[in-house]
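As structure tokens, the structure follows; a few thoughts come after it.
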Amino acid sequence: MAAEYDPRDYIEAVLDVVERIPKGRVMSYGAIAEYLAARFGRGSARRVGTIMALYGGSVPWYRVVAANGRTPPGHEAAARRLLTAEGVMFRGERVDMAAHAWFPD
DNA sequence: GGGGTGACCCAGT
DNA sequence: TACTGGGCCACCC
């Protein structure tokens, strides 16, 4: 079988979803992968994480956190500051996922 | 072709 | 709550 889809399409789709996360809400890498799986047929939380590390600079990357509420390595302070400013609650070093997790309609 | 790596995730202990 | 092991998948030697 040949080309399933252009890798750039997947990257753009990820960034597109991140841009749609409402202010004050957060989405996990896994949730994004799951949402896109319906359209691309595959994907993984790991891939989304890699894509965010490389191309997340142009979107609200801080609204994307790990499934357990932890913010991205090396950016904990910035993420916490930006999220807090939007009204997101923290429980210690993690985001209160139960209160702010979001998923596209 | 083979093996290591990573802004992940989940179940088990 | 913290740590471990297995699974995941694209990338880079």
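Keep in mind that this is a model prediction, so the values were computed, not measured. Chain A is the first sequence line, chain B the second, and so forth, proteins listed ahead of strands; every chain is numbered from 1.
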From NE2 of A:His75 across to P of B:dG6 the rounded distance in Å is 15 Å
Can you check the A:Ile32 CD1 to B:dA7 C1' distance for me, whole Å? 11 Å
Check whether A:Phe40 and A:Ile11 end up in the same hydrophobic cluster, where Ile, Leu, Val, Met, Phe, Trp and Tyr are linked by side-chain heavy atoms less than 4.5 Å apart. yes
About how many Å separate OH of A:Tyr55 and CZ of A:Arg8, when rounded to the nearest 0.5 Å? 10.0 Å
Measure the distance from CZ on A:Arg47 to C1' on B:dC9 and round it to the nearest whole Å. 17 Å
Nearest to the side chain of A:Arg91, heavy atoms from C-beta on, is which of B:dA7, B:dC9, C:dT1? C:dT1
Rounded interatomic separation in angstrom, taking CE from A:Met52 and P from C:dC9: 20 Å
Closest approach to the side chain of A:Ala53, judged atom by atom: which nucleotide of C:dA10, B:dA7, B:dC9 is it? B:dA7
Starting at CZ of A:Arg8 and ending at C1' of C:dA10, how long is that distance when rounded to a whole Å? 16 Å
Above 12 or not: heavy atoms from other molecules or residues under 6.0 Å from CD of A:Glu76? yes
Check whether more than 12 heavy atoms from other residues, nucleotides or ligands sit under 6.0 Å from atom CZ of A:Arg20, and answer yes or no. yes
Result for 5'-nearest mapping on DNA chain B, choosing between A:Gly30 and A:Thr50, is A:Thr50
Atom-to-atom span, CG of A:Leu54 to P of C:dA10 - whole angstrom: 15 Å
Among C:dA10, C:dC9, B:dC9, which nucleotide sits nearest the side chain of A:Ser44? C:dC9
Provide the distance between the two P atoms, one in C:dC13 and one in B:dA7, to the nearest whole Å. 16 Å
Between P on C:dA10 and OH on A:Tyr10, what's the gap in Å once rounded to a whole number? 9 Å
Pick out which of A:Arg63, A:Arg25, A:Lys23 makes a salt bridge (charged side-chain N to carboxylate O under 4.0 Å, His left out) with A:Glu86. A:Arg63
So, is A:Arg94 close to the C:dA2 phosphate, meaning a side-chain N or O under 4.0 Å from OP1 or OP2? yes
Please report the distance, rounded to the nearest Å, between CD in A:Glu34 and P in C:dC9. 14 Å
Please classify the nucleic acid contact of A:Ser28 as base, sugar-phosphate, or nothing, using heavy-atom distances under 4.0 Å. sugar-phosphate
Which nucleotide in the list B:dA7, C:dC11, C:dC8 gets nearest to the side chain of A:Arg46? C:dC8
